[in-house]
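This report refers to the structure that appears directly beneath it.
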Amino acid sequence: MEARIGTDGTVFCERGRLYTASIDPGKRVYSERLVSVSGTEYREWNPTRSKLAAYLATGGETYPLRSDSKVLYLGAANGTTVSHVSDIVKDGIIYAVEFSPRSFRDLVRMSESRKNVNPILADATNPSEYSFAVGKVDVVYSDVAQKNQADILADNMDMYGARFGMLCIKARSEDVSAKPEEVFATSKHRLKERGLRVLEMRSLEPHEKDHVMIIAERPRTSYAVVFNDSGEFMMVYHPRRKGWEMPGGKVESGETSSEAAIRECLEESGYHVEVISEKDIGYCDVCSARVISKAADGEMESRFFTEIPEDISFDRAEYESVIPWAKDSLFGHE
């Protein structure tokens, strides 16, 4: 049994077959073969039963899952692939979203002995519906067989701050009358329109007909925690995400994180700001800043707060951490 190249030791292969090391030894999820090697039990991962396995079996090269990844899995069905992802992210967590009550019952049964799987009965087209249960994630994996598959992925990546997205595109679910190649090209273009960088697009044939896997990455972003002289912090209201958030966005080529935060703040709120310090929080940079002047109306409604509002777009725990840091860095300079 050897580790499959490019999977950071989370997927294994032997004689052309894929395996994951089971975190729930002795139990099968879908009648898969179990193999014991040197005291470790491995579960065979069938590429005809799992699109993620098909992606790896066809030579997939861009694999963002790690043993400690936090994953939002959309279209979890009865948990076949989710169970293997559970083996892969053994030190992480999976938020497994499924819409069908019948499939959800199987998913719940599977998750009872896999404590890193959190099943959620919800609609993946409405990311805010499960915000009560999902925190910031590293990867969004989407296998939702319906229209607007690219937007479903991008909406969930936006909502939960994911750096990577893995999208299974089924051509007939998107447009039964169009050629698969046209559907795939349109989906790829739409992801780019949503600000994502497409790293790989790979056909899943012969395991899945008229399917591709697209791997996308969110470019580096930066946002500003801006205070006025009264010690209130500014937020902008994002109409599509239907929540308040700190002004910010993608770091453009040639920009520093501070320059991006200043530009985005001016565009979104209409305020000129001065950045005092920066903080790398992993998936993006946070800049503490102070208001200089109001230049014009911004693209979004802006407002100053003394406390974090209830209806926010992103992770409350993150804001609860960065707001005190920004306030200390700013008012400590006076």
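- Nearest heavy-atom pair across Ala216 and Met157 is O-CE, 4.4 Å.
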Stepwise side-chain contact (heavy atoms from CB on, under 4.5 Å) check, Ile281 with Tyr223 | CA-CA 11 Å; Ile281 61 170; Tyr223 69 81; 4.0 Å; yes

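- Checked against the 6.0 Å centroid threshold, Tyr42 and Phe12 count as a close aromatic pair.
- Between Glu181 and Lys179 there is no salt bridge, since no side-chain N of the basic residue sits under 4.0 Å from a carboxylate O of the acidic one.
- By the criterion of side-chain heavy atoms lying less than 4.5 angstrom apart, applied directly or through intervening Ile, Leu, Val, Met, Phe, Trp or Tyr residues, Met201 is not grouped with Leu56; the two fall into different hydrophobic clusters.
- Between His84 and Trp45, the ring-plane angle classifies as parallel under the 30° and 60° cut-offs.
- Salt bridge Asp158/Arg194: present, at least one basic N to carboxylate O contact under 4.0 Å.
- Enclosure of atom CD in Glu320 by more than 12 non-hydrogen atoms of other residues, nucleotides or ligands within 6.0 angstrom is indicated.
- Using a 4.5 Å heavy-atom cutoff, the side chains of Leu266 and Tyr271 are not in contact.
- Salt-bridge check for Arg241 with Glu245: passed, with a basic side-chain N closer than 4.0 Å to an acidic carboxylate O.
- Contact between Val89 and Asn116 at its shortest, heavy atoms only, is O-ND2, 3.1 Å.
- For the pair Arg290 and Val226, the tightest heavy-atom approach, listed with the atom from each and the gap, is C-CG1, 4.1 Å.
- Salt-bridge check for Glu41 with Arg43: failed, with every basic side-chain N at 4.0 Å or more from each acidic carboxylate O.
- Ser103 and Asn78 are not linked by any side-chain donor-acceptor pair at a separation below 3.5 angstrom, with hydrogens and angles left out of the test.
- In this structure, Tyr160 and Tyr130 have parallel ring planes: the angle between them is below the 30° cut-off, well short of the 60° mark.
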